[in-house]
Amino acid sequence: RAGMIANLRLCLVAVVLLVTTLVLLPVQLLAIAFRWRIAAFLPFLWQRVARLVAGIRVHVVGTPVRERPLFLLSNHQSWSDITVLGSVLPLSFIAKSEVKSWPVFGWLAILQRTVFVERAARGATGRQTDAIASRLNAGDVMVLFAEGTTSDGNEVLPFKTALVGAAQAALKDSDEDAVLVQPVAIAYTHANGVPLGREGRPLCAWPGNVMLGPHLKRFLKEGAIDATVAFGEPIRVSAASNRKIVARDCEAAVRRMLTASLAGNRHAPIA
């Protein structure tokens, strides 16, 4: 009986997300083509629906700053981070170029207005930071998963620093004297009301050596996952700032917030 309920839940998730996608897709394609501001809101709406139907409860600690340009530096554990963070506020992500060719997820990333980067192509760093900077100057909140890969959910891996320079690149074509860089920590804490613990947290984490399909099914069959999104104090980055120091400061802040979230520091779930 439990298996039947889990399979029905999977079918419900698939049907609801398919219908939501078909309804929003033509509008989003037009919005992207004509650069309508609603292009930033529709993915947020989609992620809200996805979060609800997948049974993810998001608890928010702290506040995303309202000032723009805003660059978020976050830890990264799973594909579900996109839905968890993307359901808190309208934003766009920075992802490795391979994601663009993934079935389903690649299309969704394009519709989310993701900026795709080639992490191994060092010569392309300048062009890629300029693309991110352009989006920041247009008022888009951009998210960089600064570890460059996914962790097991129990710790924060060292932050990569190359693309943090996009914050400074945004100043070249802006009247602003600084860009706000805000650290963000995503933590998965409970499944069906039970604390996950160190051994149980890989239920939500998706390290690179784990097959996506089985992990996706296992995650969605749970039906009730609690996640905490913690926003830290923003850092004002100017042309004179050292991007490596900014990355290290954000990494330390994310590590502190992740530890606090896993220890039970969370607020009521968002509506």
Side-chain angles (χ1 to χ4, degrees), residues 13-14 16-18 20-21 24-25 28 32 39-60 64 70-117 119 132 135 140-153 156-157 163 182-189 201-208 210 212-213 215-220 222 225-231 254 258 261 269-270:
V13 172
V16 171
L17 292 185
L18 176 60
T20 303
T21 302
L24 296 181
L25 177 61
Q28 181 66 355
I32 292 173
F41 177 78
L42 291 180
F44 168 69
L45 178 60
W46 192 96
Q47 300 292 5
R48 275 288 178 113
V49 173
R51 175 178 64 79
L52 290 171
V53 74
I56 305 173
R57 295 195 304 176
V58 178
H59 308 257
V60 176
L70 176 60
F71 197 21
L72 303 180
L73 264 58
S74 174
N75 63 322
H76 192 25
Q77 299 159 60
S78 175
W79 55 268
S80 55
D81 296 343
I82 306 294
T83 292
V84 168
L85 190 52
S87 68
V88 175
L89 75 160
L91 42 74
S92 292
F93 295 89
I94 299 162
K96 59 185 180 181
S97 57
E98 295 95 317
V99 173
K100 194 173 185 179
S101 63
W102 289 0
V104 181
F105 281 84
W107 257 103
L108 292 175
I110 292 171
L111 295 174
Q112 183 86 35
R113 300 164 66 239
T114 298
V115 173
F116 298 100
V117 299
R119 293 184 182 274
I132 299 166
R135 294 286 298 279
D140 293 321
V141 178
M142 300 301 299
V143 180
L144 174 65
F145 291 123
E147 294 160 299
T149 186
T150 50
S151 73
D152 65 0
V156 176
L157 303 176
L163 294 179
Q182 188 169 25
V184 181
I186 302 171
Y188 296 90
T189 60
R201 204 155 286 119
L203 164 70
C204 300
W206 180 48
V210 175
L212 175 60
H215 178 267
L216 181 63
K217 289 176 64 176
R218 184 181 173 209
F219 182 98
L220 294 176
E222 285 297 323
I225 300 293
D226 283 87
T228 297
V229 177
F231 291 91
V254 170
L258 177 67
S261 295
I270 61 176

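Everything numeric here is computed off the predicted structure, so don't read it as measured data.
Arg218 places a side-chain heavy atom less than 4.5 Å from the side chain of Leu203. Side-chain contact check for Leu111 versus Trp46: every heavy-atom pair is 4.5 Å or farther apart. Between Val254 and Val184, every side-chain heavy-atom pair lies at or beyond the 4.5 Å cut-off. The closest side-chain heavy-atom distance from Val58 to Val60 is below 4.5 Å. Between Val143 and Ile94 the shortest side-chain heavy-atom distance does not fall below 4.5 Å. Taking 4.5 Å as the limit, some side-chain heavy atom of Ile32 sits within range of a side-chain heavy atom of Arg113.
With sequence neighbours left out, Lys100 forms a side-chain contact (heavy atoms from CB on, under 4.5 Å) with Ile110, Phe116. With sequence neighbours left out, Tyr188 forms a ring-ring contact (aromatic ring centres under 6.0 Å, His included) with no residue at all. Partners of Ser74 according to the side-chain hydrogen bond (donor to acceptor under 3.5 Å, both in side chains) rule, which considers only residues two or more places apart in sequence or in another chain, do not exist here.
Residues Ser261 and Thr189 share a closest heavy-atom pair of O-CG2, 3.7 Å. In terms of heavy-atom proximity, Phe93 sits nearest to Gly86 at CZ-N, 4.1 Å. The two atoms that bring Cys204 and Ser80 nearest to each other are O-OG, 4.2 Å, heavy atoms only. Closest approach of Leu157 to Glu147, counting heavy atoms only: N-OE2, 2.7 Å. When every heavy atom of Phe44 is checked against every heavy atom of Ser87, the shortest pair comes out as CE1-O, 3.2 Å. The minimum heavy-atom distance linking Ser92 with Arg135 is given by the pair OG-NH2, 2.9 Å.
Ring-centre distance between Phe219 and Trp206: not below the 6.0 Å cut-off.
Asp140 CG to Leu91 CG: the interatomic distance, rounded to the nearest 0.5 Å, is 9.5 Å. To the nearest 0.5 Å, atom OG1 of residue Thr114 and atom CE of residue Met142 are 7.5 Å apart. Annotation: the span from Arg48 atom CZ to Phe41 atom CZ amounts to 9.0 Å, rounded to 0.5 Å. Atoms CG and CD, from Leu89 and Gln47 in turn, are 11.5 Å apart once rounded to the nearest 0.5 Å.
Counting only distance, with no hydrogens or angles, the side chain of Asn75 and the backbone of Ile186 share a donor-acceptor pair below 3.5 Å. With hydrogens and angles disregarded, no donor-acceptor distance shorter than 3.5 Å links the side chain of Gln182 to the backbone of Leu72. Between the side chain of Gln28 and the backbone N or O of Ala39, at least one donor-acceptor pair lies under 3.5 Å.
A salt bridge does not link Arg201 with Asp152: none of the charged nitrogens is closer than 4.0 Å to a carboxylate oxygen.
The aromatic rings of Phe145 and His76 lie parallel to each other, with less than 30° between the two planes, well short of the 60° mark.
Side-chain contact check for Gln77 and Thr150: no donor-acceptor pair (N or O, by modelled atom type) lies under 3.5 Å.
Of the residues listed (Val13, Ile225, Val53), the one engaging Leu220 in a side chain to side chain contact (heavy atoms under 4.5 Å, CB included) is Val13, and it is the only one.
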